[in-house]
Colleague: 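One structure follows; several queries about it will come next.
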Protein chains: 2
Amino acid sequence: MRKQPTIRDVASAAGVSVAVVSRVINEGTGPVAAKTRDKVMETIEELGFRPRAAARSLVSGTTTIGLIVTDLENPFFARLADRVVWEARGAGLQVQLMTTQEDAQLEREILDRLQDRSVAGIIATPTGANVDKWHRLLDLGVPITFVDRAIRDLPIDVVRIENVTSSQEATDHLLDLGHERIALISGPSTTTTGAERVDGYRRALEARAIAYRSELVHSVRFRGDAGADAVGSLLDLREPPTALIVANTAQVRNALRRLAQTRIAIPEDLSVVVFDDNPWTELVSPPLSVVRPPTSMLAVHALELVSARLRGRVTDEPRTISVPAEFVARSSTVTITPNPWRAPHS
Amino acid sequence: MRKQPTIRDVASAAGVSVAVVSRVINEGTGPVAAKTRDKVMETIEELGFRPRAAARSLVSGTTTIGLIVTDLENPFFARLADRVVWEARGAGLQVQLMTTQEDAQLEREILDRLQDRSVAGIIATPTGANVDKWHRLLDLGVPITFVDRAIRDLPIDVVRIENVTSSQEATDHLLDLGHERIALISGPSTTTTGAERVDGYRRALEARAIAYRSELVHSVRFRGDAGADAVGSLLDLREPPTALIVANTAQVRNALRRLAQTRIAIPEDLSVVVFDDNPWTELVSPPLSVVRPPTSMLAVHALELVSARLRGRVTDEPRTISVPAEFVARSSTVTITPNPWRAPHS
DNA sequence: TTGTACGCGTTATCAT
DNA sequence: ATGATAACGCGTACAA
C-alpha cells in the first residue's frame with residue numbers, strides 16, 4: 001500500500017522544480033530543455049507518477065461529460081451509451097454515466113452530483129421534470145444536449161428522431177397493406193417521443209380519411225408492464241385491431257411476450273411493427289418489421305454538439321438536429337386477411 | 001453564466017467563518033450552534049452552494065468506484081452495469097463506467113485513468129492482460145473485484161459463475177436427450193469462462209465415456225463474427241452435430257443469425273442451448289433452452305466485496321464467490337431424431 | 001531555461 | 001461554539 005507520488009516527489013527525485021515537471025507533463029505550456037525533459041520523463045516513469053485528476057481539475061477544468069440515460073437494460077440506451085463512450089474517447093473526453101430509471105427524484109440527485117463533479121458538459125435523455133435544475137446547469141455555463149427526448153421552452157440543443165415522420169411512415173405501410181384498425185402503443189403523452197409518434201399516426205390516418213379511434217391508442221409508461229396490459233385490452237376489444245404498432249421502445253419486449261402467450265398468430269391474425277434497433281427483432285419468428293432508430297447517429301451528433309460548445313462560443317442559438325429513422329419491412333406485416341380468430345366472437 | 005459560489009462566499013454571506021460552514025455541511029465533524037446552523041443552511045440554499053467534489057476529494061477520499069465491462073451492447077454486461085449502478089447508489093457510491101471493447105490497450109488507458117481519478121475501488125471484467133497495472137492499483141490499496149472472469153495468481157476478489165457445473169449441466173441435459181455429437185462454441189481459452197466451460201463440457205462427456213472431438217469445439221473471440229463462422233464450419237462437417245451449446249454470451253446472436261440463414265430446423269435438426277440472460281431468448285421461435293447467468297447476483301456480490309474492503313480491514317485473503325447459473329429447459333432441445341437433413345450428404 | 005510562490009475549494013487542527 | 005490557518009496536489013504568473 002504505497003502512497004501515490006506527487007509532482008513534488010518527482011521534482012526532487014529528478015533534481016528540478018515542480019514547475020519544470022508540470023511543463024513536461026503538459027507539453028507546450030513552457031520551454032523545457034530536451035535533456036531536462038528526458039530526465040524528468042525517466043523519473044516519472046520510474047516512480048510511476050500520474051497527476052491526480054482531482055487536483056488538476058481544481059485549477060483547470062474537467063474533461064468529463066455526464067451521460068444520463070434512463071436505464072441500460074433498454075438496448076436502445078445501452079447502444080447509445082456505448083457509442084457515446086466510444087466517440088468521447090476520440091475527443092479526449094471522459095464519460096460519467098448515470099441512469100435515472102425514469103425517476104424524476106433520482107434525476108434530481110444525478111444533476112446535483114454532476115454539478116458537484118463540475119462536469120464539462122451533459123448529454124441526457126431527460127425525464128421531463130427538474131426544469132429548475134436544468135436551468136441552473138445552463139446558468140453555470142454547462143453545455144447540455146438532449147437526446148431522443150426534449151423539454152419545451154428550455155434553450156438546450158436537441159438531437160432527436162424524426163418521430164412524426166417515422167410513425168407516419170409505419171402507419172402508411174400498414175394502411176397500404178389494407179389495414180384500417182391499426183392499434184398504437186406509444187410512450188407517455190408527456191414525453192415528446194410519445195406525443196409525436198401518436199401525432200404521426202394520426203396524420204397518416206387523416207390523410208386517408210380514416211377515423212382516429214382512441215380505444216386503439218395506448219400511451220403507456222416506459223417502466224413496468226404496461227405494454228403487456230395494453231396488448232391485453234386491445235385484444236379484448238369487441239372489434240380487435242388487425243395491425244399493431246409498438247412505438248414505445250421500452251415496452252416492445254413486454255408487448256411481444258404478451259402476444260406470444262395468446263393464440264394470436266403473427267402476421268396472419270395481426271400485423272406488427274415495432275420501434276426497435278435490436279438485433280433480436282430479426283431473430284424472432286416471424287422477423288419483425290421495425291422502425292429502426294439511428295442510434296449511432298444520435299450519439300455522434302450529441303457528442304458533436306456538446307463538444308462544439310465546449311470549445312466554441314456559447315452565444316449560438318440552441319440547435320435541434322432531427323435524424324430520420326429507417327423503416328425495415330420484414331415478415332410480421334402482411335396484407336389484411338379475413339380474420340379467422342375473430343370468428344369465435346361472432 | 002454565473003460563477004459557482006464557494007464555501008467562502010457562503011461564509012461571508014452568513015457572517016461566519018468557513019470552518020463553521022464546513023461543519024454544517026459535514027454534520028458531526030464538530031459542534032455548531034443550532035441557530036448558527038439554520039442561518040448557514042439558509043444561505044447555502046439561497047446561494048445554491050454545492051461543495052465541489054474535486055476540492056473535496058483532494059483532502060478526503062473519493063466515493064467513486066470504477067466499473068469496467070467490455071461493452072454495453074452485450075446485454076449481459078448492460079444488465080450487470082445497470083445493477084451495479086443501482087446497488088452503488090444504495091451504498092452512497094458513484095460509479096464511473098468504462099468499456100474496454102475487449103481491447104487490452106484500451107484497458108490500459110482505462111486503468112490509468114481510474115488511477116488518475118483516485119477511485120475508491122474497482123469492479124471489472126478484465127481482458128486478461130495488463131497484470132502490471134492491476135498490481136499497481138492493488139499496491140495503491142485500491143479494492144478490486146473481478147466479475148465473471150478472473151486472472152490467475154492475482155490476489156484479487158472474484159465473483160463468478162459456476163462455469164464448470166453450468167456447462168456440465170447443459171451438456172448432461174443434451175446427453176440425456178440422447179445426443180452424442182454435441183458441439184460447443186465457447187469463449188477464448190485464455191479466459192477463465194472460456195476454458196472452464198469447455199472443461200465442464202468435457203467432464204460431462206467423460207462421465208458417459210463419450211469421446212471428446214476437437215472438431216466439435218470452437219473457442220472463439222468475443223468480438224467479431226467468429227460465432228457465425230464457427231456455426232458455419234460445424235454445419236460443413238462431414239458428420240455434423242445434432243446438438244449445439246453456445247457458451248459464448250457475446251456470440252449468441254451471431255450464431256443464431258447464421259443458423260437462421262440456413263435450412264437447419266431447430267430443434268428437429270439441431271438442438272440448441274445458449275448461455276444468455278436475455279428476455280428475447282424466450283421470444284424467438286422456438287423459445288431457447290438457456291443457461292441463465294445470475295447477473296443481478298453477480299452485481300450485488302461484487303459491490304458487497306469492494307464495499308466491504310472499502311470500510312473494513314484490507315488484510316483479508318482474497319475471496320472467490322461462485323454463483324450457480326440456472327438451467328432453463330425450453331423448446332429448442334429435444335430427443336435426438338434420425339437426421340433428415342443429413343440425408344443429402346449420404 | 002528554470003525556480004518561487006500563490007491560488008483553486010475544501011477539510012482538519014488548534015487556538016480562542 | 002467559533003475562527004484562523006495549514007495542508008491536499010497541481011498549474012502558472014512572475015521573478016531570477
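So that the names make sense, note that chain A is the first sequence line, chain B the second, and so on, each numbered from 1.
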Colleague: Base, sugar-phosphate or nothing for Thr6(B)? Non-hydrogen atoms, less than 4.0 Å.
Modeller: sugar-phosphate
Colleague: Between dC10(D) and Ser22(A), is there an OP1 or OP2 to side-chain N/O distance shorter than 4.0 Å?
Modeller: no
Colleague: Measuring from the side chain of Arg8(B) (C-beta onward, heavy atoms only), which nucleotide among dG11(D), dA12(C), dT10(C) has the closest atom?
Modeller: dT10(C)
Colleague: Between Arg319(A) and Asp157(A), does at least one N-O distance fall below 4.0 Å, as a salt bridge requires?
Modeller: no
Colleague: Identify which nucleotide among dT2(C), dT2(D), dG9(D) has an atom closest to any side-chain atom of Arg23(B), counting heavy atoms from C-beta outward.
Modeller: dT2(D)
Colleague: Among dC10(D), dG3(D), dT12(D), which nucleotide sits nearest the side chain of Ser17(B)?
Modeller: dG3(D)
Colleague: Can we say Lys133(B) and Glu107(B) salt-bridge, meaning some charged N sits less than 4.0 Å from an Asp/Glu carboxylate O?
Modeller: no
Colleague: Between Ala19(A) and Pro31(A), which is nearer to the 5' end of DNA chain C once each is assigned its nearest nucleotide?
Modeller: Pro31(A)
Colleague: Which pair of heavy atoms, one from Gly48(B) and one from Gln115(A), lies closest together, and at what distance?
Modeller: O-NE2, 4.3 Å
Colleague: Which nucleotide in the list dT11(C), dG7(C), dG9(C) gets nearest to the side chain of Asn26(B)?
Modeller: dT11(C)
Colleague: Does the side chain of Arg56(B) get closer than 4.0 angstrom to OP1 or OP2 of dT11(C) through an N or O atom?
Modeller: yes
Colleague: Is Lys35(A) salt-bridged to Glu42(A), cutoff N-O under 4.0 Å?
Modeller: no
Colleague: Report the nucleotide, chosen from dT2(D), dT4(C), dC8(D), that has the shortest atom-to-atom distance to any side-chain atom of Val59(B).
Modeller: dC8(D)
Colleague: When you check the gap from the basic side-chain N to the acidic O, do Asp116(B) and Arg52(A) get nearer than 4.0 Å?
Modeller: no
Colleague: Do the side chains of Asp71(B) and Arg223(B) get close enough for a salt bridge, i.e. N-O under 4.0 angstrom?
Modeller: yes
Colleague: Using the closest heavy atom to pick a nucleotide of DNA chain D for each, name whichever of Val32(B) or Ala55(B) lands nearer the 5' end.
Modeller: Val32(B)
Colleague: Answer yes if the side chains of Arg117(A) and Gln96(A) hold a donor-acceptor pair under 3.5 Å, and no otherwise.
Modeller: yes
Colleague: Check every strand shown and say whether Val16(B) touches a base, only sugar-phosphate, or nothing at a heavy-atom separation below 4.0 Å.
Modeller: sugar-phosphate
Colleague: Using whole Å, report how far CG of Leu47(B) lies from P of dG9(C).
Modeller: 14 Å
Colleague: Distance check needed: dA7(D) P versus Ile7(B) CD1, whole Å only.
Modeller: 19 Å
Colleague: Do any side-chain nitrogens or oxygens of Thr36(B) fall under 4.0 Å of OP1 or OP2 in dT2(D)?
Modeller: yes
Colleague: Please determine whether any donor N or O and acceptor N or O are separated by less than 3.5 Å between the side chain of Arg50(B) and the base of dG9(C).
Modeller: no
Colleague: Among dC10(D), dG3(D), dT11(C), find the nucleotide with the atom closest to the side chain of Arg52(A).
Modeller: dC10(D)
Colleague: Please report, rounded to the nearest Å, how far the P atom of dG11(D) is from the CG atom of Asp116(B).
Modeller: 11 Å
Colleague: Roughly what angle, to 10°, lies between the helix axis at the start of the helix from dT1(C)-dA16(D) to dT16(C)-dA1(D) and the one at its end, five pairs per end?
Modeller: 40°
Colleague: Between dG9(C), dT2(D), dA12(C), which nucleotide gets closest to the side-chain atoms of Leu58(A)?
Modeller: dG9(C)
